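Notes follow once the structure below has been shown.
Keep in mind that this is a model prediction, so the values were computed, not measured.
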Amino acid sequence: MEKTACLIVDVQQSVVAALPDGGEELTEKLSRLITWCRQQMVPLVYVRHDDGEDRISEIDSRIKPKESEIVIDKSYPSAFLETDLESWCSEQGITQLIVAGMMTEFCIDATIKSAFERGYQVLVLQGCCATVDNEYLTAQQTEEFFEKRIWQGRYAQIFSLESLLSQPVKK
């Protein structure tokens with residue numbers, strides 16, 4: 001039986017503000033996911049990127065973690081590299097991860113592949129990952145990225161948010 005946790009990766013004010021709509025669509029979907037996780041007692045782990053300059057942008061206030069929820073700071077694209085995430089997952093018996101958040105082609109991609117390499121079953125929700133315009137991908141191409149099923153059947157299973165919200169999680 002799978003025990004699930006949800007990773008909310010790099011949904012920090014400084015990055016979300018750069019989205020075309022200021023992050024409204026992403027944070028609305030993440031709020032729905034977070035509410036479901038809390039109702040289903042799925043642990044939430046918020047991951048923040050530390051750029052190494054002694055200033056970590058705070059998690060967007062629209063999806064602010066509760067005091068009891070875990071916040072992990074990372075210095076690399078993968079949420080696993082040189083963090084306590086893997087040991088926490090092991091202690092909790094986590095075998096399945098829902099991954100959502102910012103920078104589809106960087107931190108989300110690295111975290112998904114790192115989770116896969118560590119033997120986790122990974123679920124990714126369409127519309128719950130985003131990016132800002134850059135040399136690799138634009139904010140508008142994120143859904144196209146999913147449509148090409150970059151991870152599907154290799155590193156993760158892709159689901160719609162609605163399909164996840166309609167099903168109870170295995171505990």
Side-chain angles (χ1 to χ4, degrees), residues 2 4-51 56-74 77-79 85 94 96-112 115 120-134 136-152 155-171:
E2 303 292 338
T4 305
C6 180
L7 305 181
I8 306 294
V9 180
D10 295 349
V11 185
Q12 294 167 253
Q13 292 173 356
S14 62
V15 182
V16 175
L19 289 171
D21 66 353
E24 284 298 319
E25 183 178 350
L26 176 65
T27 58
E28 183 276 325
K29 288 179 180 176
L30 291 177
S31 292
R32 292 176 60 208
L33 171 61
I34 290 166
T35 297
W36 180 85
C37 287
R38 289 174 177 159
Q39 290 170 344
Q40 297 293 329
M41 297 174 44
V42 171
L44 286 156
V45 179
Y46 294 79
V47 181
R48 296 185 302 190
H49 190 79
D50 178 354
D51 65 9
I56 300 174
S57 175
E58 291 303 314
I59 294 168
D60 191 282
S61 61
R62 293 170 283 191
I63 61 154
K64 188 174 181 173
K66 291 183 176 183
E67 283 187 35
S68 62
E69 294 168 340
I70 297 173
V71 178
I72 293 177
D73 293 328
K74 65 179 181 61
S78 170
L85 180 57
I94 302 297
Q96 179 172 265
L97 294 169
I98 299 168
V99 180
M102 283 297 296
M103 303 311 283
T104 304
E105 74 288 7
F106 291 121
C107 298
I108 297 296
D109 185 60
T111 296
I112 287 169
Y120 295 98
Q121 180 179 355
V122 182
L123 307 176
V124 181
L125 304 172
Q126 288 178 305
C128 290
C129 296
T131 196
V132 296
D133 292 353
N134 61 67
Y136 305 105
L137 195 65
T138 67
Q140 284 74 35
Q141 287 178 313
T142 300
E143 285 306 311
E144 182 181 316
F145 188 84
F146 280 107
E147 288 170 11
K148 291 181 181 176
R149 301 183 184 273
I150 301 299
W151 302 304
Q152 181 72 25
Y155 305 108
Q157 296 300 311
I158 311 284
F159 292 94
S160 70
L161 176 61
E162 288 69 29
S163 68
L164 180 74
L165 298 180
S166 69
Q167 299 176 11
V169 77
K170 297 176 185 174
K171 294 184 184 180

Do the side chains of [Y] and [X] get nearer than 4.5 Å, heavy atoms only?
X	Y	result
Q39	T35	yes
V9	F106	no
M103	E105	yes
I8	L33	yes
V11	Y46	no
L26	M102	yes

Note to self: For E2, is there any backbone N or O sitting under 3.5 Å from a side-chain donor or acceptor partner on Q96?
What the structure shows: no

Note to self: Any side-chain to backbone donor/acceptor pair from S57 onto S14? Under 3.5 Å, distance only.
What the structure shows: yes

Check: Around E25, counting heavy atoms of other residues, nucleotides and ligands shown, do more than 12 lie under 6.0 Å from its CD?
Finding: no

Rounded distance [0.5 Å steps], [atom1] in [X] versus [atom2] in [Y]:
X	Y	atom1	atom2	result
Y120	L85	OH	CG	6.5 Å
T27	I63	OG1	CD1	7.5 Å
C6	L123	SG	CG	9.5 Å
L125	L165	CG	CG	8.0 Å
I158	I112	CD1	CD1	6.5 Å
I98	Q121	CD1	CD	10.0 Å

Note to self: Once side-chain contact (heavy atoms from CB on, under 4.5 Å) is applied, do any residues pair with I70, and if so which ones, sequence neighbours excluded?
What the structure shows: V45, I72, W88

Provide the closest heavy-atom pair for [X] versus [Y] in the form atom of the first, atom of the second, distance.
X	Y	answer
C128	A100	O-CB, 3.3 Å
P77	T111	O-OG1, 3.5 Å
L97	A115	CD1-CB, 3.9 Å
A156	V124	CB-CG2, 3.8 Å

Checklist line | Set of salt bridge (charged side-chain N to carboxylate O under 4.0 Å, His left out) partners for D21, sequence neighbours left out | finding: none

Item checked: Set of salt bridge (charged side-chain N to carboxylate O under 4.0 Å, His left out) partners for R62, sequence neighbours left out -> E24, D60

Checklist line | Partner of D10 by side-chain hydrogen bond (donor to acceptor under 3.5 Å, both in side chains), out of H49, R48, K74 | finding: K74

Notebook entry, point to check: Can you check side-chain contact (heavy atoms from CB on, under 4.5 Å) on K66 and L44, steps first, answer last?
Noted result: CA-CA 9 Å; K66 291 183 176 183; L44 286 156; over 6 Å; no

Next item on the list: Assess whether side-chain contact (heavy atoms from CB on, under 4.5 Å) is satisfied between V132 and L19, documenting all intermediate values.
Entry: CA-CA 6 Å; V132 296; L19 289 171; 4.1 Å; yes

Can you list everything that forms a side-chain hydrogen bond (donor to acceptor under 3.5 Å, both in side chains) with [X]? Sequence neighbours excluded, please.
X	answer
S31	none
S163	S160
Q13	none

Check: Does a salt bridge link R32 with E162, judged by any charged N lying under 4.0 Å from a carboxylate O?
Finding: yes

